[in-house]
Structure formats: C-alpha cells, structure tokens
Amino acid sequence: MRRKIAAGNWKMSLDFDQSKNLALSLDQKLNETTGNAEVIIAPSFPFLNELNQLTSDRLSVAAQNCADAESGAFTGEVSVSMLKSIGIKHVIVGHSERRHIYGESIDTITKKTELLLNENMIPIVCVGEELSDRKKNKHFDLVRNQLQSVLDLTPSRFKDVIIAYEPVWAIGTGETASPDQAQEMHAFIRSELKSTYGKLADNTRILYGGSVKPGNADELFGRTDVDGGLVGGASLNTEDFMAIIQAASK
Ligand code: PGA
C-alpha cells in the first residue's frame, strides 16, 4: 500500500507572518484529526528553519528548490547540505516554473536529484507536458524524456524518490487534467519506472499537480496510480488544504 501525500507548494506567495500562521493552523488541525496522509508544505527559503522547528512531525517542511552544485561561489543559491543542516528532508526539483521561467534543463534537474540522494534526502521530481505537446500527441515522449533524471540511479537510491506529474496547462489555470487523463499518465510513468526498477516502482508515490482543489481531489486521488497531490493555490488556506488532505487520507 502506498501512503498518499498531500504536498503544498506555496511558491512565492506568502510573507513570514502569513506562512507562520498557515503552518501553525495546519499543524494544529492535523493534530486534532486522524488520517493516514503524509503532509508536506513547501514555504520559501527564509522561513524553512523556523517553520520546521515550530511544527510537529505531522507536517514535513520541504524546500521548493536547491542548487545544482555542492558549495562555493554561486551567489543567491542554496545548497542541499545547507537544507540538510536545518533538518529539511524533501526538496521539489524540476517544477515547470523552474524549467520554463529559469531555463533549467533535464541535466540540471538530474544533478539536483543526485545531490539530494547523495545526502539521503528525498527529491520530489516534477514532470509534465505543455498543451502544445499534448495537442501534437507528444506528451508521453516528453514525460519519458524528463524521467531520465531518475532512471540512472541504483535501486537503493531510487526507492525514496517521489514523482509529481504536473501538466503545465493545468498549473494555476483552474483547468485540471481529468481523472482519466491523470491516471493514464500516472500508469505510463509507473510502467516506465518499472522497466528500470521492476517491482520497486510499485512503491513509488506519483503525485498529481495542476489545479487540485477540494472539489476534484477525491476523484483524482481515487485513481489507482494517483498517490496524492502537489498543490499550489489551494494549499494557501487551511480549509481548502485540509479538505485535500482528507481526500488523500482515504
Ligand atoms: P496549482 O499549482 O495547484 O496552483 O495549479 C500546482 C503546482 O504548481 O505545483
């Protein structure tokens, strides 16, 4: 049985007080309710340490990004070992906003993934096609290509990797992949992982991201290969994110 994940990607949306209030209210609600979902929040870099210390074990605090080099003269970058030194375990890599706005290549994302695994941290590796790829029926090829970032690992390094399928056309647009479209791609991703890692890929959590909301989370997370969600907009308030966490707890 794969334990489902509800992960909130707060992007560059909240200041310190807003982040702290949201983290504390989620933490309190989580400790008042029972539920099996693993819950992750990804606030901005400057707040990670404090939020990680203020919240309980029910809430994992993740980074949204990391550097693709170990250390040195890289102004403005934050290394994997820096994140590790403040107790962070999960890092989102290859989000489509990083790929498209900041020009991160598959090689860069592979490097980040490897650096994280070297430190026994857990990468949440995002993949997903643009609408033009889907229209040209190239979405499977594109996602297969992006998966190269996790296909050259030893099985013992691969085993904790989390994948997030986020079709770019569904991110922040209010448009969601249908549960059938999500399931179809998640099954494809799992079969690609299986061709390299065999049965191990049965345990890989594959999250769906792209306009997940309280109203669609149940149906999406109900599909066989959808193991929870990576949630942007709807993770920014307690009520909506708690409803999504409930959907991941079923
Ligand atoms: P969204 O963002 O839920 O606002 O579409 C998802 C993401 O970018 O991870």
Side-chain angles (χ1 to χ4, degrees), residues 4-14 18-19 22-23 26 37-45 47-48 59-66 88 90-104 109 112-113 116 122-131 133-134 139 142-143 146-147 149-150 161-179 181-182 185-186 189 205-223 226-248:
K4 289 199 172 77
I5 298 175
N9 175 10
W10 293 358
K11 307 191 182 184
M12 200 172 73
S13 307
L14 305 175
Q18 292 166 330
S19 302
L22 180 55
L26 285 169
E38 187 175 333
V39 184
I40 300 172
I41 53 169
S44 296
F45 280 136
F47 315 142
L48 292 177
L59 201 55
S60 298
V61 177
Q64 298 173 17
N65 186 25
C66 63
I88 299 300
H90 300 81
V91 179
I92 299 170
V93 290
H95 189 280
S96 66
E97 286 148 20
R98 301 295 321 169
R99 292 181 195 260
H100 296 125
I101 304 173
Y102 298 99
E104 289 190 6
I109 292 151
K112 292 181 180 191
T113 303
L116 285 162
I122 301 177
I124 301 173
V125 181
C126 304
V127 297
E129 81 285 355
E130 292 186 67
L131 191 56
D133 304 313
R134 188 167 271 269
H139 47 305
L142 190 118
V143 167
Q146 293 175 336
L147 283 173
S149 292
V150 300
V161 170
I162 297 168
I163 306 290
Y165 168 58
E166 300 205 303
V168 179
W169 48 273
I171 297 178
T173 58
E175 198 171 330
T176 318
S178 71
Q181 285 172 321
M185 184 58 89
H186 283 229
I189 292 171
R205 269 92 57 89
I206 306 174
L207 313 183
Y208 169 79
S211 300
V212 175
K213 306 178 257 259
N216 60 25
D218 258 340
E219 217 192 330
L220 285 162
F221 301 171
R223 294 303 164 110
V226 181
D227 306 310
L230 179 57
V231 187
S235 71
L236 296 176
N237 78 73
T238 305
E239 203 178 306
D240 284 356
F241 196 44
M242 281 306 298
I244 291 166
I245 293 166
Q246 289 308 320

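Ligands are counted one by one from 1 in listed order, and the atoms in each one are counted from 1 as well.
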Taken to the nearest 0.5 Å, the spacing of Ile171 CD1 from Thr176 OG1 works out to 11.5 Å
From CG (Asn65) to CD1 (Ile109), nearest 0.5 Å:
9.5 Å
Quick check: does Glu166 get an N/O under 3.5 Å from an N/O on ligand 1?
yes
Heavy atom of Lys213 under 4.0 Å from ligand 1?
no
Non-hydrogen atoms of Ala63 and Leu48 that approach each other most closely:
CB-CD1, 3.8 Å
Check each atom of ligand 1 against the heavy atoms of Gly210 and keep those under 4.0 Å away; list them by number with element.
5 (O)
Could you identify the single nearest non-hydrogen protein atom to atom 3 (O) of ligand 1 and state the distance to 0.1 Å?
Gly232 N, 2.8 Å
Atom indices of ligand 1, in the order listed, that fall short of 4.0 Å to a heavy atom of His95:
7 (C), 8 (O), 9 (O)
Are Ala170 and ligand 1 in contact, using a heavy-atom cut-off of under 4.0 Å?
yes
Which ligand 1 atoms, with their elements, are less than 4.0 angstrom from a heavy-atom of Ser211?
1 (P), 3 (O), 5 (O)
The reported gap from CG in Leu236 to NZ in Lys11 (rounded to nearest 0.5 angstrom) is 9.0 Å
Of the protein's non-hydrogen atoms, which lies at the shortest distance from atom 4 (O) of ligand 1, and what is that distance?
Gly233 N, 2.9 Å
Phe221 and side chain to side chain contact (heavy atoms under 4.5 Å, CB included): which single residue from Leu207, Asn216, Val212 fits?
Val212
So, does Gly209 sit close enough to ligand 1 that a heavy atom of it is under 4.0 Å from the ligand?
no
At under 4.0 Å between heavy atoms, is it the side chain or the backbone of Ile171 that contacts ligand 1, or both, or neither?
both
Where do Met185 and His139 come nearest, in terms of heavy atoms and distance?
CE-O, 3.7 Å
What do you reckon, does Gly172 put a non-hydrogen atom under 4.0 Å from ligand 1?
yes
Using a 6.0 Å cut-off, check whether atom CD of Glu239 has over 12 heavy atoms from anything other than its own residue.
no
Nearest heavy-atom approach of Phe47 to Leu14 is CE1-O, 3.5 Å
Atoms in ligand 1 flagged as close to Asn9, the criterion being non-hydrogen separation under 4.0 Å:
9 (O)
